[in-house]
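Reading through the structure tokens given below for one structure.
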Amino acid sequence: MKTRISLVALAMIAATQAQANDQADSKGFIEDSHANVLLRNAFINRDKKHGVNDQSQWGQGVIANFSSGFTQGTVGVGVDAFGLYAVRLDGGKGRNGGGGIDFFKRENTTDARGRSDAADQLARSGAAVKFRVSNTVLKYGDQMPALPVLQYDDTRLLPESFTGTLLTSKEIQGLELNAGRFTREVQKSAEGHDSGRLKAINVIGGSYKFTDNFTASLYTADNEDVMKKHYLGLNYVYPIAADQSLTLDFNGYKSKLDNKFIRTWDLPEGDRDNTIWSLAATYAFGPHSVTIAHQRSTGDTGYNYGGYQRNGGIGDGGSTIYLANSYWSDFNAEDERSWQIGYGLDFGAFGVPGLTYKIAYVAGDNINTHGFGEGKEREIFNQLRYVVQDGPAKDLSVKLRGSWLRTNNAVQQNGYNDDGNEVRVFVEYPISIF
């Protein structure tokens, strides 16, 4: 009798935790379809110091997305597709194509002064087929994965994309599981479908919302012949009052370079392991927020991510750095320790809804420069963003961002980083088609 009651109780608990069956609620391939277009005008200028060439690019991008619904039945079938187009508005008079901006890929030919033009325009498209059973979706094709160990970069004019298979399951309320394998990466500034020359990356992990206030994530990635990477994330929000809260956010990575990658790119033997983590505490009160964060990197090398494998990069996405102190500098050098103090303000409380501002100061030290002395760097970051709240231009956003980065001689001699001033201006207008 006790066993029977226990089984009934367990079944009731399982039933309450199970998600509603999304596939059973499907209205159809066409009925649940939607399409949208994002118009993005982007400008980045980097004023470099110590004889390093300045970098600047400006362009207009069009990002179109289509997502179908799923056919009805036990197994639903659907299609996702995207189309990307960009036109260069200003090449920066020889300052185009700088590393880190990557709006438009530079041409191979150079002029008499050693300069090369970027492409005037670029276009590419992608599509994926998807299958759904209950609350589990299997997708194959061109995708933009957003995982802590494989995060596509959408911080430039056009986004990166990857080709592969991704399984996403949400069968239990609060639990999301992901597993995938990707074999191609498309560079932000290129048109070819394998421009990044990714070999293969396998990812698995998930996140679980234990309570309304506490969420944990655990992921791992095997980037074949390049790196193995593991991630842990913990987020807790402690409500203090109706308009006050304290948020604690922990993010950590443990990674190890593969011997084959070290030999291929002639890296120093032993530069393999890295552990990096950050802990941020944010106190929000009314329209204000104050953040204090600490970030620490240890191991034989700094934290490696992003780039493209065709030229020695990791190839796991340009935004695969879920860390508190990542702004223009990532403060991710070998043995680096950094502290941040930040402040945010929502002007909606002062009669200007849609206007927000953030400023942060980050200082890093203890950088291992291998014989040049202790490395140090510091950055002042600030960002002003406005989103139109109503009218014909509703949801149009304007973002102004500036960073001032300074380093000491040891860092400059080591080659890890250098001084510079960066300005970004992004204007985006989303259009919902249906």
Side-chain angles (χ1 to χ4, degrees), residues 16-17 19 146-149 151 154-155 170 172-178 205-219 231-253 276-296 319-328 330-332 337-364 379-390 395 397-403 426 428:
T16 58
Q17 290 182 338
Q19 290 273 56
L147 304 172
V149 291
Q151 172 68 59
D154 192 27
T155 63
K170 300 179 181 178
I172 298 175
Q173 185 175 357
L175 176 65
E176 177 176 329
L177 299 175
N178 310 101
S207 63
Y208 185 63
K209 191 171 185 178
F210 288 89
T211 68
D212 290 340
N213 300 325
F214 178 57
T215 303
S217 302
L218 186 64
Y219 284 87
Y231 167 84
L232 173 65
L234 303 170
N235 181 273
Y236 178 70
V237 180
Y238 177 68
I240 300 173
D243 63 345
Q244 296 182 50
S245 66
L246 176 65
T247 300
L248 300 176
D249 193 36
F250 174 87
N251 294 274
Y253 290 94
I276 191 168
W277 58 268
S278 68
L279 177 62
T282 300
Y283 173 54
F285 52 105
H288 311 277
S289 66
V290 176
T291 298
I292 297 176
H294 179 60
Q295 184 169 301
R296 182 166 296 202
S319 293
T320 305
I321 181 163
Y322 288 25
L323 296 171
N325 292 352
S326 175
Y327 292 104
W328 183 11
D330 292 320
F331 294 86
N332 60 336
R337 304 173 307 198
S338 60
W339 287 90
Q340 174 192 167
I341 178 70
Y343 171 74
L345 178 62
D346 183 348
F347 285 88
F350 303 98
V352 191
L355 181 64
T356 57
Y357 176 70
K358 179 179 180 178
I359 185 169
Y361 175 75
V362 186
E379 178 179 349
I380 297 176
F381 165 91
N382 67 110
Q383 177 175 288
L384 186 69
R385 185 170 186 262
Y386 178 67
V387 180
V388 178
Q389 301 296 293
D390 49 38
D395 296 328
S397 65
V398 180
K399 181 172 66 177
L400 308 177
R401 166 176 164 171
S403 286
F426 277 59
E428 296 184 337

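Values reported hereafter were calculated over all heavy atoms of this structure, with side chains retained and with hydrogens, waters and symmetry mates removed.
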Please name the pair of heavy atoms, one in [X] and one in [Y], separated by the smallest distance, quoted to 0.1 Å.
X    : Y    : value
S338 : N325 : OG-ND2, 2.8 Å
N251 : G233 : OD1-CA, 4.4 Å
Q340 : A360 : OE1-CB, 3.6 Å
T320 : P148 : CG2-O, 3.0 Å

Would you call the rings of [X] and [Y] parallel, tilted or perpendicular, taking 30° and 60° as the class edges?
X    : Y    : answer
F210 : Y208 : perpendicular
H294 : W339 : tilted
Y219 : Y231 : tilted

Judged by atom type as modelled, is there a donor-acceptor pair below 3.5 Å linking the side chain of [X] to the main-chain atoms of [Y]?
X    : Y    : value
T356 : D346 : no
Q295 : D330 : yes
Y253 : Y322 : yes
E379 : W328 : yes
Q389 : V387 : yes

Return the [atom1] to [atom2] distance between [X] and [Y], rounded to the nearest 0.5 Å.
X    : Y    : atom1 : atom2 : result
Y361 : I341 : OH    : CD1   : 12.0 Å
Y236 : D249 : OH    : CG    : 14.0 Å
I292 : L279 : CD1   : CG    : 11.0 Å
F214 : L248 : CZ    : CG    : 10.5 Å
F331 : S326 : CZ    : OG    : 9.5 Å
S207 : L177 : OG    : CG    : 8.0 Å

Are the side chains of [Y] and [X] in contact, using a 4.5 Å heavy-atom criterion?
X    : Y    : value
F381 : R401 : yes
S319 : T155 : yes
Y283 : H288 : no
Y357 : L355 : no

Could you please spell out the steps behind the side chain to side chain contact (heavy atoms under 4.5 Å, CB included) verdict for L384 and V398? CA-CA 8 Å; L384 186 69; V398 180; over 6 Å; no

I would like to know whether I240 and L246 meet side chain to side chain contact (heavy atoms under 4.5 Å, CB included); could you show each step before the answer? CA-CA 7 Å; I240 300 173; L246 176 65; 4.2 Å; yes

Checking side chain to side chain contact (heavy atoms under 4.5 Å, CB included) for the pair R296/I276: CA distance, chi angles, key distance, verdict? CA-CA 6 Å; R296 182 166 296 202; I276 191 168; over 6 Å; no

So with a 6.0 Å cut-off around OH of Y238, is the heavy-atom count from everything else above 12?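 Result for OH/Y238: open.
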
With side chain to side chain contact (heavy atoms under 4.5 Å, CB included) as the criterion, how do F285 and V290 come out once you've worked through the C-alpha distance, each side chain's angles and the decisive distance to 0.1 Å? CA-CA 9 Å; F285 52 105; V290 176; 4.1 Å; yes

